[in-house]
**Student:** 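Below are the structure tokens for one structure; questions will follow.
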Amino acid sequence: MILTPETIAFLMAAALMAGCIDAMAGGGGLITLPALMAAGIPPVQAVATNKLQSCFGTFGACIAYARRGHMDLATYKGPVIAAFVGSVGGAWLLQRVDPSILAGLMPALLVAMAAYFTFSPKLGDADSHARVGMGGLSGLIGVVGFYDGFFGPGAGAFYTTIFLALGGLSILRATAQTKAANFASNIAGLLTMLAGGHVIWIAGIAMAAGSILGGQIGSHLAMRFGSRLIKPLLIVMSLALTTKMLLDPKNPIHLYLFG
């Protein structure tokens, strides 16, 4: 597929913005997937190419959080492995069924997640008591990993919600662990779809440059401002993604509600 220089510049700008937002609150796919579609890339290839660029952004964010001591891979290796395994299954299934099937299930979950972040009084900068064990946490993260490999947008916000609400992590540490899980599911989905030959390399590499820079900017902003910045962004991104899904005429839930 041949992309013009203007299209590549557009995709890089979209990836930079998405990388910044994704490092702070998740939901960067809300920007990059529509951008890839607007460039004329078919859905499965768009998801695969999005995985390539997102891998670089999430890896860069992981490094930034780890250097500041906010990431604990020794303790949370189970959820990270579960995200990887789940994403392999999701990416495998994506190449065989219509991803819009799962897209129709997302708006209600995203609204509930936004409500949780809005009304919960316990989202702060200190860890709290975990509500589930590591096995349960890994299982839930694995389910989100499956979703990330299959469809993607909003997966980071789902990871963060689980680490916060059930894992008992502070909002900053939950965001840091989310980057580790998100990188695992991104790389797993990418490897699975590489085998199917679905990645558009020129677009993916160009977007990766923007994603890396955006990820560094976003992670440093999150570490500086903590819950004051992350919580509002989680709410906004959840509601924005819900709105997009409801207004998308190709989404099953749009067809159900509006005919």
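Heavy-atom basis, side chains included; hydrogens, waters and symmetry copies ignored. Because the structure is predicted, anything quoted here is derived from the model rather than measured. One is the number of the first residue; the rest follow in order along the sequence.
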**Student:** Identify the heavy atoms of Ser211 and Gly57 that sit nearest to each other, and give their distance.
**Tutor:** OG-CA, 3.1 Å
**Student:** Would you call Phe158 and Ile141 a side-chain contact if the rule is heavy atoms closer than 4.5 Å?
**Tutor:** no
**Student:** When you compare the side chain of Trp92 with that of Phe150, does any pair of heavy atoms fall below 4.5 Å?
**Tutor:** no
**Student:** Indicate yes or no: at least one non-hydrogen side-chain atom of Thr75 is less than 4.5 angstrom from one of Lys77.
**Tutor:** no
**Student:** Met193 and Val44: which non-hydrogen atoms are nearest, and at how many Å?
**Tutor:** SD-O, 4.4 Å
**Student:** Treat each ILVMFWY residue as a node, draw an edge where side-chain heavy atoms are under 4.5 Å apart, and state whether Leu3 and Phe10 are in one component.
**Tutor:** yes
**Student:** Going from CG on Leu16 to CD on Gln216, what distance comes out if it is rounded to the nearest 0.5 angstrom?
**Tutor:** 11.5 Å
**Student:** Is there a chain of hydrophobic side chains (I, L, V, M, F, W, Y, each step under 4.5 Å between heavy atoms) that links Trp201 to Leu11?
**Tutor:** no
**Student:** Look only at the side chain of Asn186 and the backbone of Asn182, and say whether a donor-acceptor pair between them is shorter than 3.5 Å.
**Tutor:** yes
**Student:** Between Arg131 (side chain) and Gly168 (backbone), is there a donor-acceptor pair under 3.5 Å?
**Tutor:** no
**Student:** Which heavy atom of Gly204 sits nearest a heavy atom of Gln53, and at what distance?
**Tutor:** O-CB, 3.6 Å
**Student:** Quick one: do Ile187 and Met207 end up in the same hydrophobic cluster if we chain Ile, Leu, Val, Met, Phe, Trp and Tyr together by side-chain heavy atoms under 4.5 Å apart?
**Tutor:** no
**Student:** Between Tyr76 and Met134, is any pair of side-chain heavy atoms under 4.5 Å apart?
**Tutor:** yes
**Student:** Answer with yes or no whether the side chains of Ser185 and Tyr159 bring together a donor and an acceptor at under 3.5 Å.
**Tutor:** yes
**Student:** Would you say Thr178 and Thr160 are linked by a side-chain donor-acceptor pair, where the criterion is simply a distance under 3.5 Å?
**Tutor:** yes
**Student:** Would you tell me whether Thr4 and Thr7 have side-chain atoms, one donor and one acceptor, within less than 3.5 Å of each other?
**Tutor:** yes
**Student:** Run Met71 and Leu73 through side chain to side chain contact (heavy atoms under 4.5 Å, CB included) and show every step you take.
**Tutor:** CA-CA 6 Å; Met71 190 176 292; Leu73 291 178; 4.0 Å; yes
**Student:** Which heavy atom of Leu36 sits nearest to which heavy atom of Ala46, and what is that distance?
**Tutor:** CD1-O, 3.3 Å
**Student:** Keeping the roles fixed (side chain from Arg68, backbone from Ala64), state whether a donor-acceptor pair exists under 3.5 Å.
**Tutor:** no
**Student:** Output the distance between atom CG (Leu169) and atom NE2 (His70), rounded to the nearest 0.5 Å.
**Tutor:** 12.5 Å
**Student:** Ignoring hydrogens and geometry, is there a side-chain-to-backbone donor-acceptor pair from Gln177 to Asp72 under 3.5 Å?
**Tutor:** yes
**Student:** On a heavy-atom basis, which atom in Ala184 and which in Ala83 lie closest, and how many Å separate them?
**Tutor:** CB-CB, 4.4 Å
**Student:** Rounded to the nearest 0.5 Å, how far apart are OH of Tyr65 and NE2 of His220?
**Tutor:** 9.5 Å
**Student:** I'd like to check the side chain to side chain contact (heavy atoms under 4.5 Å, CB included) partners of Ala206; sequence neighbours left out, ordered by chain and number.
**Tutor:** Ile8, Met12
**Student:** Measure from the side-chain N and O atoms of Ser87 to the backbone N and O of Phe84, and report whether any donor-acceptor pair falls under 3.5 Å.
**Tutor:** no
**Student:** Quick check for you: to the nearest 0.5 Å, what is the distance between Leu52 atom CG and Ile200 atom CD1?
**Tutor:** 10.5 Å
**Student:** More than 12 heavy atoms of other residues, nucleotides or ligands under 6.0 Å from CE of Met17: is that the case?
**Tutor:** no
**Student:** Could you tell me whether the side chain of Phe163 reaches within less than 4.5 Å of the side chain of Thr175, counting heavy atoms only?
**Tutor:** no
**Student:** With rounding to the nearest 0.5 angstrom, report the OG to CD1 distance, Ser219 to Ile63.
**Tutor:** 10.5 Å
**Student:** Would you say Ile205 and Val199 are hydrophobically clustered, going by side-chain heavy atoms of ILVMFWY under 4.5 Å?
**Tutor:** yes
**Student:** Backbone N or O of Gln45 within a donor-acceptor pair of the Thr49 side chain at under 3.5 Å?
**Tutor:** yes
**Student:** With side chains defined as the heavy atoms from C-beta onward, is the minimum distance between Leu93 and Phe146 less than 4.5 Å?
**Tutor:** yes
**Student:** What closest approach, in Å, do Gly78 and Ser138 show between heavy atoms, and which atom pair accounts for it?
**Tutor:** C-OG, 3.3 Å
**Student:** Hydrophobic clusters here meaning ILVMFWY residues chained together by side-chain heavy-atom distances under 4.5 Å, can you tell me if Leu221 and Leu213 are in one?
**Tutor:** yes
**Student:** Once you measure the plane-to-plane angle for Phe183 and Phe59, does it fall in the parallel (<30°), tilted (30-60°) or perpendicular (>60°) bin?
**Tutor:** tilted
**Student:** To the nearest 0.5 Å, what is the distance between CD (Gln95) and NE2 (His198)?
**Tutor:** 4.0 Å
**Student:** Verify, without hydrogens or angle tests, whether Lys51 (side chain) and Asp148 (backbone) share a donor-acceptor contact under 3.5 angstrom.
**Tutor:** yes
**Student:** Would you call Ile162 and Val144 a side-chain contact if the rule is heavy atoms closer than 4.5 Å?
**Tutor:** yes
